[in-house]
Every structure is written in C-alpha cells, then in structure tokens.
2 protein chains.
Amino acid sequence: MSVAVSSDSLIRPRVSGASLKSEFVAFKVNRIVEAASHLFYERGYSSCTLDNVANQLSVTKPFLYSYFKNKEAILAAICEVGISEALAVLEDVLAHEHGSHRARLAEVVRKVGQIVIDRQEYVVVYQREMKHLSADDYKRILRLRHSFDHQIGEMIREGVASGEFREDIDPFIAVWIGGLISWIPTWYSSSGQRSAEEVIEYLVQAALRLAGAE
Amino acid sequence: MSVAVSSDSLIRPRVSGASLKSEFVAFKVNRIVEAASHLFYERGYSSCTLDNVANQLSVTKPFLYSYFKNKEAILAAICEVGISEALAVLEDVLAHEHGSHRARLAEVVRKVGQIVIDRQEYVVVYQREMKHLSADDYKRILRLRHSFDHQIGEMIREGVASGEFREDIDPFIAVWIGGLISWIPTWYSSSGQRSAEEVIEYLVQAALRLAGAE
DNA sequence: AAAAATATCTACCTGCTAGTAGTTTTTACA
DNA sequence: TGTAAAAACTACTAGCAGGTAGATATTTTT
C-alpha cells in the first residue's frame with residue numbers, strides 16, 4: 001500500500017490519459033489515511049472525531065464516507081500499513097540476505113527498524129488502537145502480526161541451532177526483536193537529537209550483543 | 001498511595017474506633033481507582049464511560065462524583081500510581097544499595113521491573129493515556145517521570161565514569177532502562193507462560209550485558 | 001428515639017458525534 | 001455548449017456520555 005503523497009491538495013489534477021481515475025481515488029484514500037493516522041497518533045482514535053479528520057483535509061464528513069464504510073474502516077487501513085509494511089520488509093530481507101545468521105539478524109533489525117521509524121505514526125496507532133477494530137479486521141491484522149513474530153522466531157532458532165547465537169537467549173531474543181516494533185517509536189522520540197541512523201545502528205549492535213553474536 | 005484492597009464490597013464495615021472514617025473514604029477512592037484502571041487498561045480511557053466504572057463497582061455515577069471532581073481526576077490518580085511507585089522503588093534502591101555499580105544496576109532493574117509487573121495496568125494506562133490529563137496534572141506527572149529518567153541517567157553516568165560500564169553505551173542504556181517502564185508489560189504478557197521472576201532475571205542479565213558489565 | 005448530618009441514588013439536561021438523506025456543484029463527454 | 005453522471009456538500013437525526021439538581025436512604029449524635 002502506497003501512502004506517501006506529494007501534492008497538498010485534494011483537487012483533482014488536470015491529467016489526460018486513461019485509468020487515472022482509480023489512481024486518483026487511491027490518492028484520495030491515501031490522503032485520508034495519512035491525515036487520520038496523524039490525528040489518531042496525537043490524540044487517540046476514540047478522542048478524534050471524523051469532523052477533525054475532515055477539517056484537517058478541508059473537506060466534509062460525508063466525503064470520508066464515500067471512501068470508507070465507517071470510522072473503524074479508516075483505523076483498519078492504518079493498522080494494515082502499520083504491520084504489513086514491516087512484514088514485507090522482513091520477508092524481503094529473509095528472502096535475499098543469505099550471509100551468516102548474524103548478518104541476517106543485523107539486516108532484519110536495520111531494515112525493520114528503518115520502516116518502523118519511517119512509518120512511526122502508523123505503527124504506534126496500530127499498536128495502541130488495534131483493540132478498537134471490528135472482529136474481522138482484528139483477526140486479519142493479528143494474522144499478519146503472528147506471521148511476523150513466527151518468522152522472527154524461526155530466524156533466531158536457526159541462528160541458535162547453527163551455533164552462531166548463544167543457546168540461552170532463545171526464545172527471549174525473539175520477543176525482544178519483535179518488541180522493536182513496539183519500542184522504537186517511544187525510544188526514538190525520547191532520545192532527543194539522535195538521527196534515525198544512530199538509533200538503528202545502536203539497535204543492531206544491541207541485538208547482536210544480546211544474541212551473543214558480536 | 002495504597003491501592004491493594006482485600007474486601008469485595010463497598011458497604012461500610014462495622015468498625016469501632018476513631019478516625020476510621022477517613023480510612024474508609026480512602027478505601028472507596030482506591031476501589032474506584034482500581035476498577036477504573038482495569039477498565040481503562042482493557043478498553044482505553046476515552047472509550048470507557050463513567051457508567052462502566054460505576055457498574056463495575058455496583059454503584060451509580062454520582063457516587064464517583066462525590067469522590068472525584070471529574071473523569072480526568074480518576075485518570076490522574078491512576079497515572080500517579082503508575083509513575084510514583086516506580087520512582088519510589090528506584091529512589092529506595094539508590095539510597096540503600098551501596099555495592100558496585102553493576103550491583104546497583106541489577107537491583108534497580110530487578111526492583112523496578114517487579115513493580116512494573118505488579119502494577120502493570122496502572123503503568124500501561126499511565127503511558128497510553130497521559131495525554132488526556134489536564135495541563136496541571138500533566139505537568140505534575142511529567143515532573144515525576146523526569147525525575148525518574150534523571151536518576152537513571154545519573155546512575156549510568158557514574159558507572160561509566162567508574163569504568164565498570166562500557167563508555168560507548170552511554171547514554172543509550174539510560175533510555176533503555178527508562179524504556180523498561182514502557183516495554184515490560186507488552187513483553188511480559190506476550191512471553192506466554194513465563195513467570196515474572198524469569199522475565200525479570202532475563203532483563204537483569206540483558207541490562208548488564210548491554211552495559212558491558214557482566 | 002428523634003433530629004441532624006452524611007452518603008447515595010433517581011432522573012434529568014446539554015452538547016457532542018457517528019452516520020445519513022437528499023440537494024447542489026463539478027466533471028466528462030458528445 | 002448542453003446533458004448525464006459522478007463527486008461533494010448542507011442539513012439533519014438518534015443515541016450516547018459527562019455532568020448536575022434535588023430526592024431518598026443511611027448513619028451519627030443528642
């Protein structure tokens with residue numbers, strides 16, 4: 001799901017060519033999701049009204065209802081970004097990084113850490129507000145999270161089996177790495193002037209040290 | 001602030017003796033705070049109604065208003081427990097543990113970790129819902145948090161200065177230890193069948209390893 | 001045991017918010 | 001440029017939730 005947008009207007013651009021209509025719909029959906037994630041991040045899902053979201057975009061409430069079934073559907077879209085992008089990055093690293101287990105661990109922490117920082121507001125909203133999803137959306141999002149956790153756990157177990165990681169850290173380290181997704185935003189924002197690169201490199205070193213794989 | 005209560009009724013016990021009235025008031029205040037923290041923890045502050053809280057206690061809404069000024073005041077009481085107990089434990093350890101710096105670090109992680117697990121619901125609500133406090137309450141609670149962070153930072157700096165801790169981990173480790181307060185509840189509940197003791201002992205070892213003070 | 005004081009409840013108000021019906025504006029196309 | 005279709009808006013409803021006034025029940029005191 002692409003979310004980054006560059007224009008700052010919802011006025012339909014005068015473009016020629018076929019099939020740009022669905023693109024423009026997606027563009028507006030993304031603008032809504034982006035604005036909502038920002039507001040939900042700052043004030044919380046239950047404290048934000050749809051009028052708040054509409055105002056932020058200089059549109060009206062019924063506008064939102066022509067792109068989303070209800071308020072909860074907007075939250076579901078945010079949560080989906082929050083977990084699915086991290087999952088996609090994880091799977092990409094696991095599919096393409098074929099070095100040592102410690103190299104794989106470092107790359108996972110680096111790439112997942114980066115996406116969590118890039119999509120900080122989505123990730124935090126996903127964590128904090130997931131409980132307000134409908135039963136169906138909740139199950140769908142939870143499956144993605146379980147897939148994420150499972151693949152992290154497998155990676156760690158393989159490293160332990162190979163002898164590269166200390167035996168006694170399994171399975172806590174798996175929880176720890178999974179915990180990055182919960183923890184980075186708090187940490188990153190509370191560590192003041194540090195750049196994302198500094199924070200991530202520290203996390204990579206910390207993960208290796210915890211795994212006994214320096 | 002004492003919060004643990006044993007009775008399961010709000011009916012005034014038939015006790016004799018002077019000055020038990022204020023004790024009974026405190027007892028009821030604690031019951032309200034306890035019930036509210038549980039509901040806020042599970043469903044979120046903004047999604048919980050005062051009727052929910054009252055029902056949980058088998059009383060009515062005006063009952064709550066005779067002990068608290070408004071809904072936000074209940075949240076403030078919860079937040080105060082969430083941070084002030086951790087702060088008290090920290091200060092107690094720092095005042096009485098005079099061994100090596102690594103012994104102090106281990107004891108801080110152990111004792112603060114224990115209180116965070118014991119008061120899990122309060123701590124989580126404090127973190128997640130603090131932004132809904134009034135400006136005055138927010139400032140008051142934030143001061144406690146800053147005091148906590150500051151003392152953790154000092155402890156780490158002293159350990160680094162003494163040579164017991166690795167130089168390059170300062171000041172990230174300070175954020176990490178402070179982050180325990182954010183992180184333990186998620187971790188503890190997602191680590192399945194593990195006992196509080198196991199989780200805490202792992203945290204102590206992890207903190208020492210991160211500090212380079214094993 | 002009656003009166004005073006305290007504690008709790010019933011019943012209500014007011015403002016807000018998710019969601020909708022139907023009208024108006026804008027766009028696409030001939 | 002005129003007409004149909006699509007997009008967006010104005011104006012509304014229904015229900016809920018924080019907060020309160022005044023009545024009732026309970027406890028304490030004399």
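The chains referred to below are lettered A, B, ... by the order of the sequence lines, with proteins before strands, and numbering in each begins at 1.
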Hey, are A:Y122 and A:E34 close enough side-chain-wise for a donor-acceptor pair under 3.5 Å? yes
Ranking B:P62 and A:D51 by the position along DNA chain C of their nearest nucleotide, the one closer to 5' is B:P62
Note: B:R104-B:E97 ion pair, threshold 4.0 Å (strictly below):
no
Rounded to whole Å, the OH-P distance (B:Y65 to D:dT20) equals 7 Å
Quick note, A:K61 side chain, CB onward, closest among C:dG19, C:dC9, D:dG19 is C:dG19
ask   = How would you label the contact of A:S66 with the nucleic acid (heavy atoms, under 4.0 Å): base, sugar-phosphate, or nothing?
value = nothing
Whole-Å distance, A:F63 CZ to C:dT24 P, equals 21 Å
Taken to the nearest whole Å, CG/B:L64 to C1'/C:dC9 is 12 Å
Q. What is the nucleic acid contact for A:F68, judged by heavy atoms within less than 4.0 Å: base, sugar-phosphate only, or nothing?
A. nothing
Checklist entry - Side-chain donor-acceptor pair under 3.5 Å between B:D118 and B:Q114, yes or no? => result yes
Atom OH of B:Y67 and atom P of D:dG19 are separated, to the nearest Å, by 19 Å
Whole-Å distance, B:K28 NZ to C:dT8 C1', equals 9 Å
### Query
Does any donor atom in the side chain of A:R145 or A:Y126 lie under 3.5 Å from an acceptor atom in the other side chain?
yes
Atom CG of B:L50 and atom P of D:dG19 are separated, to the nearest Å, by 7 Å
A:K69 atom NZ is separated from C:dA18 atom P, nearest whole Å, by 15 Å
In whole angstroms, the gap separating P of C:dA18 from CG of A:L75 amounts to 13 Å
